Protein chains: 2
Amino acid sequence: MVTDGPEHTERPAALAFSTENCQVAAAMRVLGERGTIVVLREVFNGVRRFDDIQQHSGLARQVLSDRLARLVEHAILRRVPYRPEGGGRARLEYRLTAKGLELYPVLAAVADWGARHYASPDGPPVELAHRGCGAPVHAALVCEAGHAVEDPREVAPRPGPGARRRAS
Amino acid sequence: MVTDGPEHTERPAALAFSTENCQVAAAMRVLGERGTIVVLREVFNGVRRFDDIQQHSGLARQVLSDRLARLVEHAILRRVPYRPEGGGRARLEYRLTAKGLELYPVLAAVADWGARHYASPDGPPVELAHRGCGAPVHAALVCEAGHAVEDPREVAPRPGPGARRRAS
DNA sequence: CACCCTGGGTCTGATTGACAGACCCAGTAG
DNA sequence: CTACTGGGTCTGTCAATCAGACCCAGGGTG
């Protein structure tokens, strides 16, 4: 289906299928509001308290409040109360759930693409490292037969198990 | 840095660094507006004409117009005029550039996460296949030493070459 | 030639989302 | 008791998105 070839004379196959249950659309309903990915970047980088996230990300306070609430509601983040060791009142931090940690490939892929195309001359300010060996970590495409898919042109979308014909 | 461990008593290291040149933020300035990823989904799936994209995605026409213009401006998509074979007026389609194709890991990662957490009982309506062998393709984390990183907890963010101290 | 149709937009008033700044309340410490 | 701080919430203003209508250019047809 997706090639960059001369297919403009045929109706694309994808048009015949419904997008109602599309996994990309469903994910973007959760992740796609302004600032959500940036909030996740902060938490993945260890910045977990409301005010720290707000100042480091530059997001407006009630946008941040809304985004955090939604991420908690979707079980991507959880609120963890704690007491600072030097004493003082109970505070709150936001931590990733297992579901939230599964967003690491999304964040890594966005970071890789951003670094490749928009990095400053010095390179990106953050890189991901493999704890085992210290080598940098990247997002990649791999197939279930174990092949590394280096060229995006080797990927073809096709109808999946939940594909439904559009009523038209 | 990012563990889910008991680090809440220390200031997170990431706070000391500026986010001004962050690759995630830079990418999200391009990709993060409402509907952009969904537009890219359409084009990756072979839906390339304005009206087809509009109807299939459900986006409002001037939001779509704006998003397409921005994607063209950022050299992610290009406009290609063509003539239908049965005759008729010149038409336009939107095609991915090489830079645009490099977003496949982003789209795949989003799709994987969406399918895992929000798929309908039948499963996702679209899957990606490896042209060489036909096996399904996924986004994965790999390190530069060649290891597959299966557990997100094995990933640690660290300051990269472009890391800059915050003035505070 | 005139007329019609279609494709890729653009426009408009109404609704919703984001902003800066101010404010609030609860939990501590002194 | 007062003061301070942390995690929010509120308010008026501005920006983004919506549905529906409209526009214009490039064709084909009679």
Side-chain angles (χ1 to χ4, degrees), chain A residues 8-12 15 19 25 28-39 42-43 46-73 77-95 168, chain B residues 8-12 15 19 25 28-39 42-43 46-73 77-95 168:
Chain A
H8 48 68
T9 57
E10 300 163 9
R11 273 322 236 183
L15 268 182
T19 57
M28 293 313 290
R29 276 194 285 275
V30 178
L31 304 175
E33 287 179 302
R34 218 191 86 83
T36 299
I37 296 286
V38 168
V39 172
E42 295 297 341
V43 181
V47 182
R48 300 196 181 92
R49 292 182 289 200
F50 187 95
D51 220 51
D52 289 343
I53 298 169
Q54 192 274 319
Q55 285 178 22
H56 208 232
S57 69
L59 277 185
R61 299 173 75 80
Q62 100 269 29
V63 170
L64 177 59
S65 176
D66 179 73
R67 298 300 178 269
L68 288 168
R70 290 187 178 225
L71 288 166
V72 169
E73 181 192 322
L77 296 185
R78 59 193 163 99
R79 285 194 186 93
V80 182
Y82 72 95
R83 288 192 155 274
E85 278 190 13
R89 56 178 300 179
R91 307 196 54 180
L92 263 194
E93 63 182 8
Y94 291 87
R95 286 175 173 265
S168 72
Chain B
H8 47 69
T9 56
E10 299 161 15
R11 278 317 242 179
L15 268 182
T19 57
M28 293 313 290
R29 277 194 283 277
V30 177
L31 304 175
E33 285 178 303
R34 217 191 84 82
T36 297
I37 296 286
V38 168
V39 172
E42 294 297 341
V43 180
V47 181
R48 301 196 183 93
R49 291 181 290 199
F50 186 95
D51 220 51
D52 291 343
I53 298 170
Q54 192 275 316
Q55 284 178 24
H56 208 232
S57 68
L59 276 185
R61 300 171 76 81
Q62 99 268 32
V63 171
L64 177 59
S65 176
D66 179 72
R67 297 299 177 273
L68 288 169
R70 287 182 181 232
L71 288 166
V72 168
E73 180 190 324
L77 296 183
R78 58 192 165 99
R79 285 194 186 92
V80 182
Y82 71 95
R83 288 192 154 271
E85 277 191 8
R89 57 174 302 177
R91 305 195 57 177
L92 264 193
E93 64 183 9
Y94 291 87
R95 285 175 175 264
S168 70

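Both backbone and side-chain heavy atoms feed into the values below; hydrogens, waters and symmetry mates do not. Note that the structure is predicted; figures quoted are calculated from it, not measured. So you know, we letter chains A, B, ... as the sequences are listed, proteins then strands, and number each from 1.
Distance CG (A:Leu59) to P (C:dA18): 10 Å, rounded to an integer number of Å. Here D:dG27 presents its C1' atom at 8 Å from CZ of B:Arg83, a figure rounded to the nearest Å. At whole-Å resolution of the value, OH in B:Tyr82 and P in D:dG26 are 17 Å apart. Following rounding to the nearest Å, B:Leu64 (CG) and C:dG7 (C1') show an atom-to-atom distance of 13 Å. Summarising the geometry, the separation between CD on B:Gln62 and C1' on C:dG9 is reported as 10 Å, rounded to the nearest angstrom. As a whole-Å value, the separation of B:Leu68 CG from C:dG9 P is 7 Å. Rounded to an integer number of Å, the gap from A:Leu92 CG to D:dG6 C1' is 9 Å. The CZ-P distance, from B:Arg61 to D:dC18, rounds to 13 Å in whole Å.
Here the nucleotide nearest the side chain of A:Arg91, chosen from D:dG26, D:dG8, D:dG6, is D:dG6.
Formation of a donor-acceptor pair under 3.5 Å by the B:Gln54 side chain with backbone atoms of B:Leu59 is found in this model. When atom types are taken as modelled, the side chain of A:Thr19 and the backbone of B:His56 share a donor-acceptor pair closer than 3.5 angstrom.
Side-chain N/O atoms of B:Arg34 include none lying less than 4.0 angstrom from OP1 or OP2 on C:dG17. One finds a side-chain N or O of B:Arg67 lying less than 4.0 angstrom from the OP1 or OP2 phosphate oxygen of D:dT17. Distances shorter than 4.0 Å separate some side-chain N or O of B:Ser65 from OP1 or OP2 on C:dT10.
Of the candidates A:Val43, A:Val80, A:Leu77, A:Arg95 forms a side-chain contact (heavy atoms from CB on, under 4.5 Å) with just one, namely A:Val80.
Comparing A:Ala90 and A:Asp66 against DNA chain D, the residue whose closest nucleotide sits nearer the 5' end is A:Ala90.
Between the axis at the start and the axis at the end of the helix from C:dC1-D:dG30 to C:dG30-D:dC1 there is an angle of 0°, using five pairs per end and rounding to 10 degrees.
Below the 3.5 angstrom threshold, one finds a donor paired with an acceptor across the side chain of A:Arg89 and the base of D:dT5.
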